[in-house]
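Since the structure comes first, as structure tokens, the remarks are kept for the end.
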Protein chains: 2
Amino acid sequence: MPAKSSAQIADVPERSSLAAGRNLLFLREEELRLAQDLLFFGYRDFTAGADEILVELGMGRAHHRVLHFVGRRPGITVGDLLGILAITKQSLGRVLQPLVEDGYVTQTPGRNDRRQRLLTLTEKGAALERRLFDRQRETVMRAYREAGPVAVEGFRRVMRGLMGDQARDACDAIEAPPAQGLAR
Amino acid sequence: MPAKSSAQIADVPERSSLAAGRNLLFLREEELRLAQDLLFFGYRDFTAGADEILVELGMGRAHHRVLHFVGRRPGITVGDLLGILAITKQSLGRVLQPLVEDGYVTQTPGRNDRRQRLLTLTEKGAALERRLFDRQRETVMRAYREAGPVAVEGFRRVMRGLMGDQARDACDAIEAPPAQGLAR
DNA sequence: CCAGTTTGGTCAGTAACATTGACGCATCAG
DNA sequence: CTGATGCGTCAATGTTACTGACCAAACTGG
């Protein structure tokens, strides 16, 4: 693989530090453009498998996201889910409502706060989520296996770095023990 | 950071290899679900900065993708661009046409094959692409800097692994010397 | 208990991005 | 000349998202 240049430039003799700086800048630019390409292609193909299943059911990626995060945090409130997805109430409603009507998700009033409608996957919902998950599992497992554990750790670090503070908090909250509420 | 478990499970004494297998499976599942989260949040925030600029101009992410790939491969044909983006002619036309009309992209007939309309960024187009690029550069540079070069290499390997064969070819073709045509 | 906030749902309108199928035109290759 | 290719365009459709406004139920502090 030829295009493996990471961060060494100084060993190439340059006429001036200015030229070296330009070269550095160029390499950085190439690196970043490569990152753009990788994220575009990688993300697209990562979601492609699940998308195929979803279209059969007349759903979209948004439905998958709801199933995914409700599955990760059973009993999540609508508000917390909105915070995670960072979409509007209306946008969520449009996908959540059909999911409830079709028996993929149940809404139960909160014990402490009965205004809340705690969201949980039904068996049917969990089964669909698992089906979608298994499809993506193949893709990710293959990538992880080929890349190796060190690369996986690096992948995680970079992806976390790409997130804004808000998303990082939300991500941490999902990963955290499901007892206490999400970051608010 | 507590949730750093990567791939060690055997050190925890288990009652049976079956239980160990279940545990392994569980960890793998958690790993993969984490990957889903990371990709969702990371990709979203990666594109968020550029999206802000685009809405001001009445454009969307699709316009950015065209600017990006035309910028990477000046003189690309419409067909090759379609192959890279993996969208339909109509979808491309809807974004490409305004870009041409508004003077971001020029179409010039191919020298060898005059049916082709080779796409190139105008100065205006290159300026916008650079503006969008600079916005994403901040995000990626920060993530790269915080994660370190080893992590960056790992990130690249995993992202490449997520791609399907077709996307990997397309990605390689973009990275390759811009002389010969894209993989067809 | 009442006022004000919070939680959630819902109305209507708009827009970006993508799809499918069909057709036309110019051009290239045999 | 014929067929295939590259490109553009017609029309209809669907998903995902946005905005602003409004309402009902339930919690919270005084």
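Quick caveat: nothing in here was measured; it's all calculated off a predicted structure. Labels below follow one simple rule: chain letters A, B, ... track the order of the sequence lines, proteins then strands, and each chain is numbered from 1.
- Put simply, CZ on A:Arg65 is 15 Å from P on D:dT15, counting in whole angstrom units.
- The nearest whole Å value for the distance from the CG atom in B:Leu92 to the C1' atom in D:dC7 is 10 Å.
- For C:dT19, its base never sits under 3.5 Å from the side chain of B:Gln90 at any donor and acceptor pair.
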May I have the step-by-step check of side-chain contact (heavy atoms from CB on, under 4.5 Å) for B:Arg135 and B:Leu132, ending in yes or no?
CA-CA 5 Å; B:Arg135 187 64 167 266; B:Leu132 294 164; 5.7 Å; no
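- Rounding to whole angstrom units, CG of residue B:Leu82 and P of C:dT20 are separated by 13 Å.
- For B:Glu138 and B:Arg142, the salt-bridge test fails: no basic side-chain N is under 4.0 Å from an acidic carboxylate O.
- Residue order along DNA chain C, read from the 5' end via each residue's closest nucleotide, puts A:Gln97 first among B:Ala62 and A:Gln97.
- Note on B:His63: every side-chain N or O is 4.0 Å or more away from OP1 and OP2 of C:dA16.
- For B:Arg94 and C:dA15, the shortest distance from a side-chain N or O to OP1 or OP2 is not below 4.0 Å.
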Step by step, would you call B:Arg72 with B:Glu175 a side-chain contact (heavy atoms from CB on, under 4.5 Å)?
CA-CA 9 Å; B:Arg72 296 221 64 169; B:Glu175 254 60 63; 3.0 Å; yes
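- Residue order along DNA chain D, read from the 5' end via each residue's closest nucleotide, puts B:Leu96 first among B:Leu96 and A:Ile87.
- Within 6.0 Å of atom CD in B:Gln166, 12 or fewer heavy atoms from other residues, nucleotides or ligands are found, so the atom counts as exposed in its surroundings.
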Counting primed atoms, P, OP1 and OP2 as sugar-phosphate and everything else as base, the B/S/- map of nucleotides 23-30 of chain C against protein heavy atoms under 4.0 Å is ---BBS--
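- With D:dC7, C:dG9, C:dA18 as the candidates, the nucleotide lying closest to the side chain of B:Thr77 is D:dC7.
- For the pair B:Leu119 CG and D:dC7 C1', the computed distance is 11 Å after rounding to whole Å.
- Using modelled atom types and a 3.5 Å distance limit, the side chains of A:His64 and A:Asp51 yield no donor-acceptor pair.
- Rounding to whole angstrom units, CG of residue A:Leu85 and C1' of D:dC18 are separated by 15 Å.
- When all heavy atoms of B:Phe40 and A:Ile84 are compared, the pair lying nearest together is CE2-O, 4.1 Å.
- Distances shorter than 4.0 Å separate some side-chain N or O of B:Thr88 from OP1 or OP2 on C:dT19.
- Scanning residues 35-61 of chain B for heavy-atom distances under 4.0 Å to DNA chain D yields an empty list.
- By the 4.5 Å heavy-atom criterion applied to side chains, A:Leu119 and A:Thr77 are not counted as neighbours.
- The aromatic rings of A:Phe155 and A:Tyr144 stand perpendicular to each other, their planes meeting at an angle above 60°, with 30° marking the opposite boundary.
- For A:Tyr43 and B:Phe41, the ring centers are positioned 6.0 Å apart or more.
- Side-chain nitrogen and oxygen atoms of B:Gln107 include at least one within less than 4.0 Å of the OP1 or OP2 phosphate oxygen of D:dG8.
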